[in-house]
Protein chains: 2
Amino acid sequence: MRISARADYAVRAVLELAVRQGGDPVKAETVAAAQDIPHKFLEGILGDLRRAGVVDSRRGGGGGYRLARDAASITVADVIRAVDGPIVSVRGERPTGLSYTGSAQPLLPLWIALRANVRRILEGVTVADIAADALPDPVKELAAEPAAWENP
Amino acid sequence: MRISARADYAVRAVLELAVRQGGDPVKAETVAAAQDIPHKFLEGILGDLRRAGVVDSRRGGGGGYRLARDAASITVADVIRAVDGPIVSVRGERPTGLSYTGSAQPLLPLWIALRANVRRILEGVTVADIAADALPDPVKELAAEPAAWENP
DNA sequence: TGCCTTCCCCACCGGTTAGGTGGGGATTAA
DNA sequence: TTAATCCCCACCTAACCGGTGGGGAAGGCA
């Protein structure tokens, strides 16, 4: 279960747009420098985010990117789906597309529960939350447990 | 966030050993046929599980595999770690190995919380639970929500 | 002692993905 | 008209995923 570089970069890019909200559009180059993301790679990511309706763009001098809607209405799940597609997959398929037989049958509800649990986090945190350094309480509680920081 | 074929196969293989517990060792070929897993591919997976101390093996006629300990003490997380390494990674690294600066700083606790949440599921479900078709209540509740079955 | 069975190790392989780069065209502001 | 900026496409290398094949090592049995 890996968070890809694209996903990580995308969240950071959107975040960078969020904290510069209100002013002029922000150039891809500016975002790239601020977050230390390869410029051309970031352009592809921003293209995905635009097609998904997360950001808006304007070309030409003084152009750049800005959020397409309020930061409080953009969840981390939105961003990740925009660049990576489905959040959780098993062997490349959505859990609902699987079929198990015999004793393996309870595996399906297990994967479904896992996905629901992941969504609970990623759909419950907005870009505004992160920008304000104010993660929702349930998330803060999870991160506060010392065990969560251990690598078993 | 994908569950690899290796992980899926590994859980199903261990499960197959669990339901045949008590008798003779089970041949890889038998597990492969029962769970429709490519035989040679499965052998590699069983090797990983053996090295991780999840299963025991015996060679020669009448040989095969069996669980190394009680099914109730083997969690799904144990099995997945045995074949795929760390459960959650960001850009190939463990979350604790990351460093974010500036406005992206709250990303670290977010990934940590995400990992903790995933672990809660995978470490909370044992092979015995699945074999008995008796998933823990919290998992059952998650899977019972209709929204968990939708593909947004 | 052979012989059969089964695991065990290693090498390889084709296709996909991840991560990244480069060039040039389209659009817009000044 | 010119400079800036996004936009699209092609490409590239390395790694990974899923899978296969051959042969050797260990164990049971006659």
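All values below come from the heavy atoms of this structure, side chains included, with hydrogens, waters and symmetry mates left out. So that the names make sense, note that chain A is the first sequence line, chain B the second, and so on, each numbered from 1.
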query: What's the verdict on side-chain contact (heavy atoms from CB on, under 4.5 Å) for B:T30 and B:R20, showing C-alpha distance, side-chain angles and the deciding distance?
result: CA-CA 11 Å; B:T30 306; B:R20 296 166 187 254; 3.6 Å; yes
- line: Whole-Å distance, A:I37 CD1 to C:dT21 P, equals 13 Å
- line: Heavy-atom nearest pair, B:W149 first then A:R115, reads C-NH2, 3.8 Å
- prompt: What is the distance, rounded to the nearest whole Å, between atom CD1 of A:I3 and atom C1' of C:dG19?
  reply: 16 Å
statement: Nucleotide by nucleotide, nucleotides 1-14 of chain D touches protein heavy atoms under 4.0 Å in the pattern (B base, S sugar-phosphate only, - none) ---BBBBB------
Nucleic acid contacts of residues 7-23 of chain A, taken as heavy-atom distances under 4.0 Å to DNA chain C: A:Y9
- request: Dump the intermediate steps for side-chain contact (heavy atoms from CB on, under 4.5 Å) on B:V11 and A:L110, then the final yes or no.
  value: CA-CA 11 Å; B:V11 176; A:L110 174 60; 5.7 Å; no
- request: Could you pull out the closest heavy-atom pair between A:P95 and A:I112, with the gap in Å?
  value: CB-CD1, 3.8 Å
Below 3.5 Å, can you tabulate the donor-acceptor pairs from side chains in residues 43-52 of chain A to any protein atom, sequence neighbours excluded?
residue: A:E43; atom: OE2; partner: A:H39; partner atom: NE2; Å: 3.4
residue: A:D48; atom: OD1; partner: A:R51; partner atom: NH2; Å: 3.2
residue: A:D48; atom: OD2; partner: A:R6; partner atom: NH2; Å: 2.3

message: Any heavy-atom pair between the side chains of B:V118 and A:L114 that's under 4.5 Å?
response: yes
message: From CD1 of B:I45 over to P of C:dC7, roughly how many Å is that when rounded to an integer?
response: 14 Å
message: Membership question, hydrophobic clusters at under 4.5 Å side-chain separation (ILVMFWY): are A:V19 and A:L42 in the same one?
response: no
message: Run A:W111 and A:V88 through side-chain contact (heavy atoms from CB on, under 4.5 Å) and show every step you take.
response: CA-CA 9 Å; A:W111 299 143; A:V88 173; over 6 Å; no
message: Short of 4.0 Å, heavy atom to strand atom, which residues of residues 79-104 of chain A count as contacting DNA chain D?
response: none
query: Expressed in angstrom and rounded to an integer, what is the separation of B:F41 atom CZ from C:dG15 atom C1'?
result: 14 Å
- request: Starting from the first five and the last five pairs of the helix from C:dT1-D:dA30 to C:dA30-D:dT1, work out the angle between the resulting helix axes, to 10 degrees.
  value: 10°
- prompt: Is any side-chain N of the basic residue among B:R120 and A:E145 closer than 4.0 Å to the acidic one's carboxylate O?
  reply: yes
- prompt: Once you round it to whole Å, what is the distance between C1' of C:dT5 and CG of B:D24?
  reply: 14 Å
query: What's the CZ-P distance between A:R6 and C:dG20, to the nearest Å?
result: 11 Å
task: Check the distance between C:dC7's P and B:D56's CG and give it to me in whole angstrom.
output: 13 Å
Salt bridge (Lys or Arg N to Asp or Glu O under 4.0 Å): pairs with one or both residues in residues 53-71 of chain B, sequence neighbours excluded: B:R69-B:D78
message: Once rounded to the nearest 0.5 Å, what's the spacing between atom CD1 of A:I130 and atom OH of B:Y100?
response: 10.0 Å
message: From CE of B:M1 over to P of C:dA18, roughly how many Å is that when rounded to an integer?
response: 14 Å
Test item: B:S103 and A:E16 side chains (from C-beta on) under 4.5 Å apart, heavy atoms: yes
message: If you apply the rule side-chain contact (heavy atoms from CB on, under 4.5 Å), what do you find for A:R12 with B:L107, and how did you get there?
response: CA-CA 8 Å; A:R12 281 156 58 190; B:L107 272 189; 3.5 Å; yes
